[in-house]
There are 2 protein chains.
Amino acid sequence: MKILAHPTREQLELPTVLDCLGDPTRLAIVHGLAQHERVGTELRCGNFSGVGAKSNLAYHFGRLRETGVIRVRIEGTARYISLRREDLEARFPGLLDAILAAAARDVDRLALADCTFTAPANETPQAQSSRA
Amino acid sequence: MKILAHPTREQLELPTVLDCLGDPTRLAIVHGLAQHERVGTELRCGNFSGVGAKSNLAYHFGRLRETGVIRVRIEGTARYISLRREDLEARFPGLLDAILAAAARDVDRLALADCTFTAPANETPQAQSSRA
DNA sequence: TCCTAAGTTCAAAATCTATTGAACAATGAG
DNA sequence: CTCATTGTTCAATAGATTTTGAACTTAGGA
């Protein structure tokens with residue numbers, strides 16, 4: 001089992017993060033992650049669709065991870081994705097929230113609709129509430 | 001005398017703006033503009049240096065204008081530049097401030113130092129103090 | 001008028017990005 | 001073991017980005 005390389009909090013760079021989120025596909029992924037956070041379950045790479053070939057999805061997730069926007073945890077053959085909210089907030093206060101709020105407001109304007117995900121039922125062991 | 005095309009406030013797009021500011025050179029320009037705002041004088045394109053050839057500066061200013069990040073006012077042969085703070089704030093609340101604050105905090109880390117400007121003495125008619 | 005300063009536009013080059021399909025690796029199930 | 005699932009890596013490609021120098025425009029003096 002491999003552990004993927006992530007930049008440390010201190011290594012996060014502003015232009016890199018902005019550039020990373022400037023891509024509509026990646027912004028859509030991050031928006032989707034943020035929207036899904038309240039559900040409590042974790043999303044896998046494969047939950048996302050509408051981004052083209054599988055290899056393209058891997059490419060964008062790679063970029064999001066290398067940039068430090070998301071964290072990727074390997075478990076079996078699956079990779080669970082989460083937003084690095086605390087790290088981003090510590091380095092760039094208010095930035096992620098402003099971006100997510102703007103993305104949420106513009107959701108129909110962006111190509112965000114192209115990137116959707118099918119939410120998992122109750123795949124992660126730790127996080128499911130009593131009612132579905 | 002020409003008037004340059006600017007997107008309207010409503011036409012500002014989040015991915016476009018993020019992508020535009022994801023470039024270190026343009027981020028440096030915008031940071032410089034914001035830093036200079038308190039002085040009260042307007043900056044021209046030519047006040048900036050360290051960005052390479054003149055045509056490259058024109059390229060980046062063109063991009064910033066088309067994206068809606070800056071406004072460019074022509075006066076004679078000079079072009080006066082200003083940040084579109086209100087428009088950006090209206091469309092993406094908190095975004096510009098978060099970016100500028102982060103850029104200011106990371107100022108020595110970024111290549112911002114490469115892009116400097118020589119502030120004008122008292123070129124704009126409305127804003128000059130008594131001291132030279 | 002002629003000159004200069006400010007900035008643009010164009011074409012070319014070097015580089016980077018996004019996308020795809022095919023082949024590959026790793027894990028868990030039957 | 002065998003097989004399907006999950007996702008990666010590779011090579012190729014099409015397109016976008018950044019950068020440069022040279023030629024050009026425009027306005028304001030001397």
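So that the names make sense, note that chain A is the first sequence line, chain B the second, and so on, each numbered from 1.
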What do the steps show when you test A/Cys45 against A/Ile81 for side-chain contact (heavy atoms from CB on, under 4.5 Å), and what is the final call?
CA-CA 7 Å; A/Cys45 295; A/Ile81 313 292; 3.6 Å; yes
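For A/Glu75 and C/dT27, the CD to C1' distance is 12 Å, given to the nearest whole Å. For A/Leu64 and C/dT17, the CG to P distance is 14 Å, given to the nearest whole Å. Rounded to a whole Å, the CD1 atom of B/Ile3 is 15 Å from the P atom of D/dT26. To the nearest angstrom, C1' of D/dT6 lies 15 Å from CG of A/Leu43. Distance B/Ile29 CD1 to C/dG7 P: 12 Å, rounded to the nearest Å. When the C1' atom of C/dA25 is taken as reference, atom CG of A/Leu4 falls 14 Å away, rounded to whole Å. One atom, CZ of B/Arg79, and another, C1' of D/dA27, lie 12 Å apart when rounded to the nearest Å. Rounded to a whole Å, the CZ atom of A/Arg73 is 15 Å from the C1' atom of D/dT6.
Contact check on B/Glu75 versus B/Arg44 returns no salt bridge, with no Lys/Arg side-chain nitrogen under 4.0 Å from an Asp/Glu carboxylate oxygen.
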Anything under 3.5 Å between a protein N or O and an N or O of nucleotides 11-14 of chain C, put it in a table, one pair a line.
none

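Nearest-nucleotide positions on DNA chain D for B/Leu57 and B/Lys54 put B/Leu57 closer to the 5' end.
For residues 16-30 of chain B, the set of pairs meeting the side-chain hydrogen bond (donor to acceptor under 3.5 Å, both in side chains) definition, not counting sequence neighbours, comprises B/Arg26-B/His60.
Without hydrogens or angle criteria, B/Arg105 side chain to A/Arg91 main chain gives a donor-acceptor distance under 3.5 Å. A donor-acceptor contact shorter than 3.5 Å is absent between the side chain of B/Glu66 and the backbone of B/His6.
When the options B/Arg9, B/Glu10, B/Gln11 are evaluated for a side-chain contact (heavy atoms from CB on, under 4.5 Å) with B/Asp87, the one that passes is B/Arg9.
Transitive grouping of hydrophobic side chains (ILVMFWY, heavy atoms separated by less than 4.5 Å) brings A/Ile74 and A/Leu57 into a common cluster. Hydrophobic clustering (side-chain heavy atoms under 4.5 Å, transitive across Ile, Leu, Val, Met, Phe, Trp, Tyr) keeps B/Leu64 apart from B/Tyr59.
Here the straight-line distance linking atom CG of B/Leu21 with atom CG of B/Leu95 works out to 7.5 Å at 0.5 Å rounding.
Proximity note for B/Ala78 (side chain, C-beta onward) versus C/dG7, D/dT8, D/dG7: the nearest is C/dG7.
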Going 5' to 3' through nucleotides 12-19 of chain D and flagging B where a protein heavy-atom sits under 4.0 Å of the base, S where only the sugar-phosphate is that close, and - otherwise, we get -----SBB
